[in-house]
Novice: 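Starting off with a structure, shown below.
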Amino acid sequence: MKTIEITPDEMQSRISRYRALEPLPIQQDPEIPQEANDVVYARKLLSVIGLGGEVDTPINTGAPIVDAAGMTMTLASARRARAPRCTPIYRPTRPSPCSRAASR
């Protein structure tokens with residue numbers, strides 16, 4: 001495999017920093033409730049790698065890295081699941097047929 005040399009500026013154009021990623025523009029529309037975004041998209045969709053050239057899609061908007069051999073990458077952040085405070089433990093009042101057969 002041939003080794004290539006790149007400058008620091010060229011390398012910076014291929015780096016994506018999480019803290020600099022922005023959610024897709026459609027998710028920033030104040031008319032769409034957050035609950036609807038959670039169902040249709042995710043809590044946040046962060047475009048990391050977009051298509052290069054003249055391709056203009058919502059997923060490509062704001063991607064810090066472009067033109068990665070036709071590959072795209074988007075991070076999806078889902079809303080946090082809410083677990084119940086106490087999970088009840090159900091115990092059978094009588095042994096099941098399976099447990100009786102196993103004990104023989």
Side-chain angles (χ1 to χ4, degrees):
M1 179 182 262
K2 183 179 174 184
T3 302
I4 61 168
E5 304 240 352
I6 61 172
T7 67
D9 289 336
E10 290 172 324
M11 187 60 170
Q12 285 299 321
S13 73
R14 308 303 287 174
I15 295 174
S16 176
R17 306 221 185 266
Y18 182 80
R19 67 178 171 266
L21 298 177
E22 295 286 329
L24 298 182
I26 193 163
Q27 292 188 293
Q28 298 173 1
D29 186 348
E31 294 180 15
I32 301 174
Q34 184 62 55
E35 293 80 19
N37 272 334
D38 287 345
V39 171
V40 176
Y41 301 108
R43 178 56 49 129
K44 280 194 277 186
L45 288 176
L46 306 168
S47 187
V48 179
I49 301 173
L51 298 173
E54 298 186 19
V55 179
D56 187 24
T57 67
I59 299 296
N60 290 328
T61 304
I65 300 172
V66 294
D67 199 20
M71 182 179 76
T72 63
M73 178 189 287
T74 304
L75 296 177
S77 172
R79 77 179 171 95
R80 226 166 125 124
R82 297 185 188 263
R85 288 186 174 208
C86 295
T87 305
I89 299 172
Y90 297 103
R91 299 190 196 288
T93 54
R94 56 191 162 126
S96 70
C98 295
S99 64
R100 275 188 261 142
S103 63
R104 291 183 186 166

Novice: Could you check if a side-chain atom of Pro64 sits within less than 4.5 angstrom of a side-chain atom of Ile15, using non-hydrogen atoms only?
Specialist: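 Side chain of Pro64 against side chain of Ile15, heavy atoms only: no contact under 4.5 Å found.
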Novice: What distance separates Leu45 CG from Thr74 OG1, expressed to the nearest 0.5 Å?
Specialist: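 These two atoms lie 6.5 Å from each other.
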Novice: Calculate, to the nearest 0.5 Å, the distance between atoms CD and CD belonging to Glu10 and Glu5 respectively.
Specialist: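 Answer for the CD-CD pair, Glu10 versus Glu5, is 10.5 Å.
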Novice: Which pair of heavy atoms, one from Val66 and one from Ala63, lies closest together, and at what distance?
Specialist: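 Taking every non-hydrogen atom into account, CG1-O, 3.9 Å.
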Novice: Excluding sequence neighbours, so at least two apart, what forms side chain to side chain contact (heavy atoms under 4.5 Å, CB included) with Leu51?
Specialist: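 Partners of Leu51 by the side chain to side chain contact (heavy atoms under 4.5 Å, CB included) criterion, ordered by chain and then number, come out as Val55, Asn60, Thr72.
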Novice: Kindly give the cluster partners of Val48, where membership spreads through any ILVMFWY side chain lying under 4.5 Å from a current member.
Specialist: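 Same cluster as Val48: Tyr18, Leu21, Leu46, Ile49, Ile65, Met71, Met73, Leu75.
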Novice: Please tell me whether Met1 and Ile4 are part of a single hydrophobic cluster in this structure, the criterion being side-chain heavy atoms less than 4.5 Å apart.
Specialist: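 No: no chain of side-chain contacts under 4.5 Å links Met1 to Ile4.
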